[in-house]
Structure formats: C-alpha cells, structure tokens
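Here the structure is laid out as structure tokens; the discussion comes afterwards.
Just the heavy atoms: all of them, side chains too, but no hydrogens, waters or symmetry mates, feed the values below. In what follows, chains carry the letters A, B, and so on, assigned in the order in which the sequence lines appear, proteins first and then strands, with residues in each chain numbered from 1.
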Amino acid sequence: MGMTMDDFFLMALAAGVGVSMVAGPLGCFVVWRRMSYFGATLSHSALLGVALGLLLGVNPMIGVVATCIVIAAAVFSMERDPRFAADTILGILAHGMLALGLVAIAFLDNVRVDLMGYLFGDILAVSTNDLIWIYGGGAACLLILGMIWRGLLSMSVHDELARVEGVPVSAMRLIFMLMIAFVIAIAMKIVGIMLIVSMLIIPPATARRFARTPEQMAFYAVIVGSLSVLGGLAASATIDTPAGPSIVVVAMVLFFATAMPGVARRQA
Amino acid sequence: MIDSELQTPLIRAENLTVSRGGQPVVNKISLTVNAGEILTLVGPNGAGKSTLIRALLRLIDCDSGVIQREPGVTIGYVPQQLEIDPTMPIDVRQFLRLGELSSEEDMKRALEEVGVAAVIDTPMQGLSGGETRRVLLARALLRDPDLLVLDEPTAGVDFGGQAELYELIRTIRDSRQCGVLLVSHNLHLVMAATDRVLCLNHHICCEGQPDAVTRNPAYLELFGSEAVASAMAVYTHHHDHQHDLTGAPIEESGHQHHGHDHG
C-alpha cells in the first residue's frame with residue numbers, strides 16, 4: 001500500500017512540475033501584461049468547457065480549450081466597446097460563465113461529475129493520459145513560446161513599437177491566448193478552476209524579486225512553482241490537507257516569505 | 001539648406017483622412033518626407049499630429065487616401081510614451097536587443113551616438129525621462145533606419161535637455177543622412193532644428209521652411225503669441241547654440257504676451 005501511495009505522489013508531483021514548467025514562463029507574460037483578471041475569466045469559463053466536452057462526448061480538455069478561445073474572442077471584441085470598462089466585461093464573463101458552467105453540469109444527469117475535483121483540483125487522481133497531455137502539450141507550448149519569446153516580449157514592452165519593427169502582434173496575441181487556454185486545461189486537474197490563476201501569477205511574482213532579466217524571471221518562476229507543488233503535496237501527504245489548495249497556500253507563503261524586508265530588496 | 005525637390009522621397013501620403021467618431025481628425029493631408037531632411041509636424045494639442053504619424057506607420061487604418069512607402073525603407077520609430085511595467089526586470093541591453101539582435105559593440109556605439117554610453121546595464125525603469133528618450137533613439141538607430149519617426153521626442157524632458165535632444169536629432173541626420181519625421185508642440189526649439197515645418201490643425205494650415213512658416217498668418221493665428229516667441233527662437237538660433245541659456249527667457253516673454261492678450 002505504501003508503494004501505491006508513492007506512485008500517486010510521484011504521478012502528482014510529475015503532473016504539478018509539468019504544469020509549473022509551462023505556467024511559470026507564460027505566467028510572467030500574464031503578470032507583465034497585467035492580464036491576471038483575463039486569466040481568471042478564461043479559467044472560470046473552463047467549467048462550461050468541461051460540461052460541453054462531456055455533453056458532446058469529447059475529451060473535457062478539448063472542451064475547455066475551445067470554450068476559452070470563444071471567451072477570449074468575446075473579450076477582445078467587447079473590449080473595443082467604449083460603453084463598458086474592460087474589467088466590467090471580464091467580471092460579467094468570469095462570473096456569468098462560471099454560473100453557466102454550474103448550470104450546464106447540472107443538466108448532465110447520466111454522467112457523474114466530480115464538481116469539487118474540477119473546481120479545486122484532483123491532483124492525486126492524475127492518470128498516465130493526463131501526464132501525456134501535460135508533457136506532450138507542455139513541450140509543444142514551451143517550444144512555441146521559445147520561438148515567439150522575443151516578439152512577445154517586445155510587444156509586452158511596447159505594442160506599437162513592436163509593430164513598427166515588424167512583430168506580427170495579432171498573431172502573437174492569438175498564439176499567446178491559445179497557450180493560456182491550454183495551461184488552464186492542464187492546470188485544472190492540479191489546482192482546479194478556481195485556483196488556476198494562482199499557478200500563473202504567484203510564482204512569477206515571487207521570481208520577480210530575484211530576477212534581473214525576463215528570462216531569469218521565467219526560469220525562477222518554474223522553480224518556485226515546482227517547489228510550491230512539492231510543498232503542497234508534502235503537506236497533503238503528511239497532514240492530509242487538500243492537495244490543490246495546499247499547493248496554492250505554499251506558493252503564497254513563498255511569495256510573502258521572500259517579500260519580507262531585507263530579502264532580495266537591493267534592486268528594487 | 002536642403003532643396004527638397006532634389007531629394008528621394010522615403011514616404012509619401014496623399015489626401016490622407018482618418019476619422020474618429022465620424023469627425024475627421026486628420027483631414028486630406030498630403031506630405032512627403034525625403035531622405036536627409038527633417039520634417040516637423042507642429043500644431044496644438046488634439047490637432048491630429050500623433051494620429052497622422054500612427055497612420056503613416058500603418059498602426060491605424062485610414063478612411064481614405066494613399067500612403068506610399070519606398071520599397072526597402074527601414075523605419076526607426078521613437079514612440080511618445082514608454083511605460084514598462086515595473087514587474088518586468090529588463091535592462092537597457094535587453095531592451096535594445098528586442099528591436100534588433102545587435103552585437104555588444106553595436107549597442108555600445110549606438111548608445112554613445114545618442115550620448116548615454118554608461119546606461120547599458122541600467123534597468124529601464126531606472127532611467128530618467130531624457131535617458132529613456134535617448135535609449136529609444138538608440139534602439140531605432142540600431143535598425144540602421146532610412147527614416148526616423150519621432151513622436152514628441154522630448155516628452156518628459158526638461159527644457160535644457162530638450163534643446164540638446166533636437167541638436168542630437170540634427171547631428172544624427174547629418175551623419176546618417178536619414179530622413180526625419182518628428183512631431184512636436186514645442187515651437188521654440190523645433191523651429192531651429194528643422195528643415196521644413198508642416199503646421200497642422202486637422203488639415204494643413206501652412207507648410208514650408210521654418211522662417212517662412214513662422215511669418216505665415218495662418219500659423220500666427222493658430223499659435224497666437226506663442227508663435228512670436230518661436231519666431232524669436234529661430235532668430236536667436238543663428239547666433240547661439242546655447243539653447244538652454246537663450247531658450248528660457250524666450251519662453252518667459254511668450255507667457256507675458258499671453259497674459260496681455262487675454263488680460
């Protein structure tokens with residue numbers, strides 16, 4: 001039995017670290033571009049994606065990615081309307097889509113849905129199939145991110161300057177959004193829909209204090225994210241706390257611990 | 001100084017119109033920027049200067065008109081504002097390499113050319129307003145541009161620093177023989193630093209060489225007493241390059257006139 005617990009633990013750890021490896025660098029852009037509320041809006045819509053996936057009999061992850069793309073497109077088109085403030089639109093969609101997802105799940109009579117698992121994560125139930133998604137998709141994501149890194153960074157510094165210098169800003173924005181949708185889909189299992197944004201923003205925020213370059217910040221974010229996963233899972237295994245929330249709590253503790261005066265404050 | 005008819009045009013706009021909310025912000029404007037000349041757009045706030053620049057750079061769509069860019073023309077752009085989020089750790093070296101993957105020597109040479117050789121390791125957020133403008137200029141120069149487009153190149157720079165920046169832009173034009181299109185609402189300094197002026201208030205009020213424009217009734221009407229001061233700036237420039245010394249009292253006299261007009 002100890003053997004099986006170890007297996008669960010290692011699978012969970014592998015999944016968590018895998019998600020951190022993608023969420024760290026992507027999360028840096030979410031922080032730099034001040035898109036955390038946008039990320040929250042997409043992740044809150046993920047439940048609707050799960051429901052649609054189950055309803056149509058496809059992999060819920062595909063449902064999540066598809067829903068995120070539709071919601072992102074809706075946000076982009078509505079943000080141009082001067083009658084609504086951007087954060088109002090994000091608030092309407094975030095909560096509206098979460099509510100719609102809960103309603104849609106209720107319609108799925110014939111499918112048993114682990115709602116708590118989707119909302120707050122079910123990392124100990126990670127399957128080999130999940131790991132393939134996380135590492136296969138994650139590797140593709142990182143490869144693409146590496147290819148568009150400089151352009152994406154340039155447009156995050158100054159959008160119009162990047163455009164004049166020939167960066168295909170619209171295409172980059174679309175690719176970035178697709179990658180965020182993918183991270184939401186794979187992180188759902190780890191920390192759950194409600195807490196996904198924390199995987200994107202807390203490790204980069206912690207990493208910022210130690211980084212001198214954007215690349216360092218992305219790298220440190222992976223380390224901090226992985227440590228959070230390790231700490232959260234350890235807490236879960238030893239004192240039986242819920243795994244997903246524990247990961248987020250550890251991430252938050254790391255953030256505040258390094259935010260203490262005197263710690264890496266030199267370059268601020 | 002430079003006969004524009006002998007020059008090669010780099011970019012040309014014909015009958016350009018850009019509207020916002022049904023109102024033409026840029027109204028049937030035609031202009032040409034030639035290699036080796038400095039063309040300055042002046043005009044009051046909200047006259048459509050930045051809109052025109054952004055249309056020329058194809059950052060916004062035009063309602064009508066034609067923009068012709070000579071094939072192979074590289075544009076170096078210095079935007080009006082640069083606000084890098086404090087959460088992004090980025091120093092001048094990394095910032096410069098976002099534009100062009102330049103070598104260390106090229107970057108140092110460009111920074112030297114714009115007079116801020118020492119800042120290469122400085123975080124971007126730690127630069128002063130003037131240093132930021134110069135680093136932006138260095139990034140534009142690293143592209144080896146045929147045309148430099150500068151939107152309010154002296155934004156956030158004190159008066160003495162502004163004069164130096166215009167001087168620098170002239171020096172760059174002289175050494176590189178690139179075309180320069182710049183936007184300014186600082187009439188005093190820009191008139192001394194430009195070859196041609198295009199006075200804009202949605203449409204073109206007047207255009208020509210600075211001393212001719214500053215005597216143009218349309219120009220005087222648009223800028224009122226401020227224009228008187230800039231006419232003096234042109235005059236004084238020929239005597240003295242110490243803009244920061246001559247410039248300050250000129251601005252004061254401009255304000256005095258302003259007071260009289262309304263008081």
Part of [X] lying under 4.5 Å from any heavy atom of chain A:
X         : result
Gln125(B) : neither
Arg54(B)  : side chain
Leu101(B) : both

Assess whether a salt bridge exists between Glu113(B) and Arg109(B), defined as any Lys/Arg side-chain N lying under 4.0 Å from an Asp/Glu carboxylate O. no

Ionic contact status for Asp85(B) with Arg33(A), cut-off 4.0 Å: no

Heavy-atom pair with the smallest gap, counting every atom of [X] and [Y]:
X         : Y         : answer
Met188(A) : Ala46(A)  : SD-CB, 4.2 Å
Pro145(B) : Arg176(B) : CD-NH1, 4.3 Å
Gly231(A) : Val250(A) : C-CG2, 3.7 Å

Which pairs of donor and acceptor atoms, one on a side chain in residues 192-206 of chain A, lie under 3.5 Å apart (sequence neighbours left out)?
from	atom 1	to	atom 2	distance (Å)
Ser198(A)	OG	Leu195(A)	O	2.4
Thr206(A)	OG1	Ile202(A)	O	3.0

Chain B neighbours within residues 144-172 of chain A, where any heavy atom lies under 4.5 Å away: Arg150(A), Leu153(A), Ser154(A), Ser156(A), Val157(A), His158(A), Glu160(A), Leu161(A), Arg163(A), Val164(A), Glu165(A)

If you count the non-hydrogen atoms of other residues, nucleotides and ligands that lie under 6.0 Å from CD in Gln23(B), is the total more than 12? no

Phe219(A) CZ: over 12 foreign heavy atoms closer than 6.0 Å: no

Using non-hydrogen atoms and a 4.5 Å limit, figure out which bit of Arg34(A) sits close to chain B: side chain, backbone, both or neither. side chain

